[in-house]
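As structure tokens, the structure follows; a few thoughts come after it.
Numbering of ligands and ligand atoms starts at 1, following listing order.
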Amino acid sequence: MKVVTQLAEWKRLRLSITGTVGVVPTMGFLHEGHLSLVRRARRENQAVVVWIFVNPKQFGPKEDFGTYPRDMARDLALVEHEGADYVLAPPVEEVYPPGFQTRVEVERLTQRLEGAARPGHFHGVTTVVAKLLCLTEPRRAYFGQKDAQQVLVVSRMVRDLGMLGEIVTCPTMREPDGLAMSSRNVRLSPPERKAAVCLYRALCAARDAHAAGQREGEALREAMRRVLAAEPLARPDYVSMADPETLEELATLQGPALASLAVRIGATRLIDNMPLPAPEG
Ligand code: PAF
């Protein structure tokens, strides 16, 4: 496995790679969710590139860029074990050198949910992902369903700009109690870790009500709020039952839907979601 930090060196290397490239974009501090993406990329491509870069442009001024968990040595050992060929781990000055002034922005989709709660977050994501896709020219790029809105926004960007390569979405990986895997979970104290399962429980409550025939968006959102209200350590940011393509809140569910939520547990903000299938018949 080759670790590359300098983009000029990477560009030379990329020209020598002839087969299909699968890229796994990450901000490091890897967990089983990321590794499931690397494994799939390994199965489906001739060369696998893992991107490890904590992207300052997608953090707001009051967010946790400085304290975002990092452990490069451990990350490198994990991806090497999964058979990655290259790790691209540039320093911030390589990605955003002096004079950098380009921004890639997807408009409407980014106004909702995470975009509404974290202004500027998504243009940070799309700018760095666009740069990564240009640098690696992958046949496939792998993203986790855990960040459902990110996948939609990146897919929109790829379609709108005519970028080659396919965006592949992989299922959310969960701890045995249902908590979605996230690099931020390490910040939870033991009582917070226990409380954090309320996100998954809330989503399950919506899923169960939906399976039992509930089609009113507000009733489904209320089912999630009730579960969260029963957890004293949880401070909900939003709960949503939205169209899975446009992310517009649904009054009545007639097709598939996306249940999603953001909740603060202590100082840690967690997100999770569950796609709901179209009602049968
Ligand atoms: O999902 C993430 O870890 C990041 O948003 C990404 C896609 C690596 C861009 O920095």
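- Counting only heavy atoms of the protein, atom 5 (O) of ligand 1 lies nearest to Gln150 OE1, 2.6 Å.
- Taking atom 3 (O) of ligand 1 as the reference point, the nearest protein heavy-atom neighbour is Met27 CG, 3.5 Å.
- For Arg140, the side-chain hydrogen bond (donor to acceptor under 3.5 Å, both in side chains) test picks out Asn45, with sequence neighbours left out.
- Ranking protein heavy atoms by distance to atom 10 (O) of ligand 1, first place goes to Gln58 OE1, 2.6 Å.
- Short contacts between ligand 1 and Val128, defined as distances under 4.0 Å to a heavy atom of the residue, involve ligand atoms 9 (C), 10 (O).
- Under the 3.5 Å distance criterion, with hydrogens and angles disregarded, no donor-acceptor pair is assigned to the side chains of Thr126 and Glu105.
- A donor atom on one side chain and an acceptor atom on the other are found under 3.5 Å apart for Tyr96 and Asn55.
- Tyr238 and Glu114 are linked by a side-chain donor-acceptor pair at a separation below 3.5 angstrom, with hydrogens and angles left out of the test.
- The two residues Gly33 and Met173 come nearest to each other via the heavy atoms CA-CG, 3.4 Å.
- Short contacts between ligand 1 and Pro25, defined as distances under 4.0 Å to a heavy atom of the residue, involve ligand atoms 8 (C).
- Short contacts between ligand 1 and Thr26, defined as distances under 4.0 Å to a heavy atom of the residue, involve ligand atoms 8 (C).
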